[in-house]
*Asks:* 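To start, I am sharing the structure in question, which I have written as structure tokens.
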2 protein chains.
Amino acid sequence: MNTLKHFSASADDRSVDASTMEQVIGYRLRRAQLYVFQQFHQHFAELELRPAEYSVLNLIGTNPGRKQSQIAESLGIKRANFVPLINGLERRGLMIRRSQPDDRRSHALFLTTKGEVLVKQADQAQAEFEAHCVVRLGGTKARDQLLELLERLGG
Amino acid sequence: MNTLKHFSASADDRSVDASTMEQVIGYRLRRAQLYVFQQFHQHFAELELRPAEYSVLNLIGTNPGRKQSQIAESLGIKRANFVPLINGLERRGLMIRRSQPDDRRSHALFLTTKGEVLVKQADQAQAEFEAHCVVRLGGTKARDQLLELLERLGG
DNA sequence: TATTGTTATACTCTATAACTATA
DNA sequence: TATAGTTATAGAGTATAACAATA
């Protein structure tokens with residue numbers, strides 16, 4: 001080992017300057033989103049629900065009887081990718097597809113009783129997690145500001 | 001077709017109510033991030049740079065001579081995934097690995113002249129894209145607020 | 001023994017094309 | 001001919017384990 005490194009600014013000693021990237025909105029959005037999803041995963045581990053699965057069950061709960069394509073499109077999920085997602089939820093007995101008499105091409109989605117129970121638990125876990133985020137943001141006003149700014153960004 | 005559907009609130013007529021999910025920070029973060037990355041992709045199509053590739057080249061440009069592991073860790077990229085990423089950049093002649101005499105295990109990273117030229121173009125494209133985002137956010141003050149809120153969220 | 005870079009691998013998410021059954 | 005759901009598949013992004021060279 002070179003003892004001179006203690007007196008020179010060798011590459012190993014210098015820390016990485018990421019100040020430019022830290023100012024980039026997209027980069028910071030990505031890092032924050034990954035972090036929040038990681039936290040979500042910890043809070044929802046017992047319920048065995050991933051973010052997309054929770055959003056689907058939540059949406060079916062507040063919109064019973066909608067077609068697959070309606071729920072999928074509302075969440076920005078391609079209908080082809082939606083199929084295996086709800087296959088898993090249906091296999092777990094959390095929701096069901098029902099054929100529609102008036103248009104036998106489409107399937108209406110409903111929560112099962114088991115699904116309703118899980119969604120209630122998940123909504124509770126989500127409320128607690130959200131409260132945790134609000135504290136870190138500095139209050140509900142800061143949270144509202146963040147949602148407003150994200151809204152303006154589009155998407 | 002059943003003409004009665006014009007008088008009843010059938011599932012096909014109702015739109016999906018996503019108001020609950022719209023209040024969820026993680027969900028809104030995800031949607032906004034996907035949208036911004038999609039916009040980024042359009043702005044950077046000519047340069048053939050994906051977000052991760054731009055961040056790597058930018059960081060090497062401002063931190064020449066750092067080890068692979070330093071750049072990778074700073075961006076939250078696992079060193080195993082960093083290898084194929086910079087393989088592509090090196091194959092395109094945008095950067096090079098250099099063996100370090102003082103520690104022959106590590107590779108120091110540098111931009112090539114071609115890489116420096118591309119990074120300058122990319123920084124320009126990024127500045128324009130960022131300005132576009134700032135306009136949508138409602139000014140630089142709103143941008144600073146957003147970055148501050150994302151900072152508080154952690155990650 | 002520990003670290004750096006590498007390879008192999010697997011799992012998730014996302015995107016597209018083509019099929020089926022219905023309309 | 002068009003639509004809803006499905007299947008197959010391919011491409012990214014991400015995660016872990018194990019290895020070679022070096023410290």
Side-chain angles (χ1 to χ4, degrees), chain A residues 1-3 5 10-12 26-27 30-31 33-35 37-38 40-41 44 48-56 65-91 95-109 155, chain B residues 1-3 5 10-12 27 30-31 33-35 37-38 40-41 44 48-56 65-90 95-109 155:
Chain A
M1 185 198 280
N2 179 9
T3 53
K5 76 178 265 193
S10 78
D12 292 53
Y27 175 72
R30 175 71 175 151
R31 298 295 299 250
Q33 182 258 308
L34 281 175
Y35 182 70
F37 266 42
Q38 188 184 310
F40 178 97
H41 188 263
F44 279 71
E48 292 180 276
L49 284 180
R50 284 170 288 190
E53 293 173 331
Y54 170 62
S55 64
V56 167
R66 294 300 183 292
K67 295 187 298 179
Q68 283 188 204
S69 52
Q70 288 181 300
I71 299 290
E73 201 212 342
S74 171
L75 293 170
I77 303 174
K78 299 248 178 282
R79 69 189 199 281
N81 297 327
F82 196 67
V83 173
L85 204 170
I86 61 175
N87 279 350
L89 297 175
E90 195 168 30
R91 228 179 287 119
M95 49 139 292
I96 52 164
R97 293 161 160 102
R98 258 190 232 155
S99 287
Q100 294 288 75
D102 59 321
D103 185 345
R104 284 161 53 217
R105 290 174 302 182
S106 66
H107 296 163
L109 305 184
Chain B
M1 186 199 280
N2 179 9
T3 53
K5 77 177 266 191
S10 78
D12 291 53
Y27 175 72
R30 175 70 173 151
R31 298 296 298 250
Q33 182 259 309
L34 282 174
Y35 182 71
F37 266 41
Q38 187 184 313
F40 178 98
H41 188 262
F44 279 71
E48 293 180 277
L49 284 180
R50 285 170 289 190
E53 292 173 331
Y54 169 62
S55 64
V56 167
R66 293 301 183 292
K67 295 187 298 178
Q68 284 188 204
S69 52
Q70 288 180 301
I71 300 291
E73 202 212 341
S74 172
L75 293 170
I77 302 173
K78 299 249 179 279
R79 69 189 199 279
N81 298 326
F82 196 67
V83 173
L85 203 170
I86 62 175
N87 280 349
L89 297 176
E90 195 168 29
M95 48 139 292
I96 52 163
R97 292 161 160 106
R98 257 191 233 155
S99 287
Q100 294 287 72
D102 59 320
D103 185 344
R104 284 160 55 217
R105 289 173 304 181
S106 67
H107 297 163
L109 305 184

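In what follows, chains carry the letters A, B, and so on, assigned in the order in which the sequence lines appear, proteins first and then strands, with residues in each chain numbered from 1. Bear in mind that the values here come from a model prediction, so they are computed numbers and not experimental data. Computation of the quantities below employed the complete heavy-atom set of this structure, encompassing side-chain atoms and omitting hydrogens, waters and symmetry-equivalent molecules.
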*Asks:* Roughly how many Å is it from NZ in A:Lys67 to P in D:dT6, rounded to a whole number?
*Replies:*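 Going from A:Lys67 (NZ) to D:dT6 (P), I get 13 Å.
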
*Asks:* Once you round it to whole Å, what is the distance between C1' of D:dA4 and CD of A:Gln100?
*Replies:*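 These atoms are roughly 12 Å apart.
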
*Asks:* Kindly write out the residues that satisfy side chain to side chain contact (heavy atoms under 4.5 Å, CB included) with B:Tyr35, not counting sequence neighbours, or none if the list is empty.
*Replies:*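 Listed in chain order: B:Gln39, B:Arg136.
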
*Asks:* Can you tell me how far P of C:dT14 sits from CG of A:Leu75, to the nearest Å?
*Replies:*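 Going from A:Leu75 (CG) to C:dT14 (P), I get 11 Å.
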
*Asks:* Show every salt bridge (charged side-chain N to carboxylate O under 4.0 Å, His left out) that has at least one partner inside residues 70-83 of chain A, sequence neighbours left out.
*Replies:*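 As it turns out, there is no salt bridge (charged side-chain N to carboxylate O under 4.0 Å, His left out) pair with a partner in residues 70-83 of chain A once direct neighbours are skipped.
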
*Asks:* Nucleotides 7-14 of chain D: which of its N/O atoms have a protein N/O under 3.5 Å away?
*Replies:*
{"from": "D:dT14", "atom 1": "OP1", "to": "A:Arg30", "atom 2": "NH2", "distance (Å)": "2.9"}

*Asks:* Could I get a table of every N or O pair under 3.5 Å where one atom is in the protein and the other is in nucleotides 20-22 of chain D?
*Replies:*
{"from": "D:dT22", "atom 1": "OP1", "to": "B:Arg104", "atom 2": "NH2", "distance (Å)": "3.1"}

*Asks:* Specify the separation, in whole Å, of atom OH of B:Tyr35 and atom P of C:dT14.
*Replies:*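 Spelled out: OH on B:Tyr35 to P on C:dT14 is 18 Å.
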
*Asks:* Please work out which of the three classes, parallel, tilted or perpendicular, describes the rings of B:Phe40 and B:Phe44, given edges at 30° and 60°.
*Replies:*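 Answer is parallel, since the angle falls under 30°.
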
*Asks:* With a cut-off of less than 4.0 Å, is there a side-chain N or O of A:Ser106 near OP1 or OP2 of D:dT3?
*Replies:*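 Indeed not, no polar side-chain atom of A:Ser106 lies that close.
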
*Asks:* Taking C-beta and beyond as the side chain, do A:Lys67 and A:Leu109 meet within less than 4.5 Å on heavy atoms?
*Replies:*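 With C-beta onward as the side chain, the pair stays apart.
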
*Asks:* Nearest whole Å is fine: how far is D:dA15 C1' from A:His41 NE2?
*Replies:*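 In whole Å, D:dA15 C1' lies 12 Å from A:His41 NE2.
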
*Asks:* With sequence neighbours left out, what residues match A:Tyr27 under side-chain hydrogen bond (donor to acceptor under 3.5 Å, both in side chains)?
*Replies:*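 Here the qualifying residues are A:Arg31.
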
*Asks:* What is the distance, to the nearest angstrom, from the CZ atom on B:Arg31 to the P atom on C:dC13?
*Replies:*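 Nearest whole value for this atom pair: 15 Å.
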
*Asks:* With a cut-off of less than 4.0 Å, is there a side-chain N or O of A:Gln70 near OP1 or OP2 of D:dA4?
*Replies:*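 Checking D:dA4 against A:Gln70, no side-chain N or O comes under 4.0 Å of OP1 or OP2.
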
*Asks:* Take atom CZ of A:Phe82 and atom P of C:dT12, then tell me their distance rounded to the nearest Å.
*Replies:*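 For the pair A:Phe82 CZ and C:dT12 P, the rounded distance is 18 Å.
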
*Asks:* Could you list the residues that satisfy side-chain hydrogen bond (donor to acceptor under 3.5 Å, both in side chains) with A:Arg104, not counting sequence neighbours?
*Replies:*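 Scan of A:Arg104 (side-chain hydrogen bond (donor to acceptor under 3.5 Å, both in side chains), adjacent residues dropped) gives none.
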
*Asks:* Would you please name every residue forming a side chain to side chain contact (heavy atoms under 4.5 Å, CB included) with A:Leu34, sequence neighbours left out?
*Replies:*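 Counting only residues at least two positions away or on another chain, A:Leu34 forms a side chain to side chain contact (heavy atoms under 4.5 Å, CB included) with A:Arg30.
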
*Asks:* Name all residues meeting the side-chain hydrogen bond (donor to acceptor under 3.5 Å, both in side chains) criterion together with B:Arg98; count only those two or more places apart in sequence or in a different chain, and write none if there are none.
*Replies:*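 So B:Arg98 forms no side-chain hydrogen bond (donor to acceptor under 3.5 Å, both in side chains) with any residue.
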
*Asks:* Only counting residues at least two apart or in another chain, list the ones meeting side-chain hydrogen bond (donor to acceptor under 3.5 Å, both in side chains) with A:Glu53.
*Replies:*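 Residues passing side-chain hydrogen bond (donor to acceptor under 3.5 Å, both in side chains) with A:Glu53: A:Arg50.
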
*Asks:* Whole angstroms only, please: what is the CG-C1' distance between A:Leu85 and C:dA15?
*Replies:*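 Atom CG in A:Leu85 sits about 15 Å away from atom C1' in C:dA15.
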
*Asks:* Reckon B:Ser69 has a side-chain N or O less than 4.0 Å from the OP1 or OP2 of C:dT3?
*Replies:*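 No, because none of the side-chain N or O atoms of B:Ser69 sits under 4.0 Å from OP1 or OP2 of C:dT3.
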
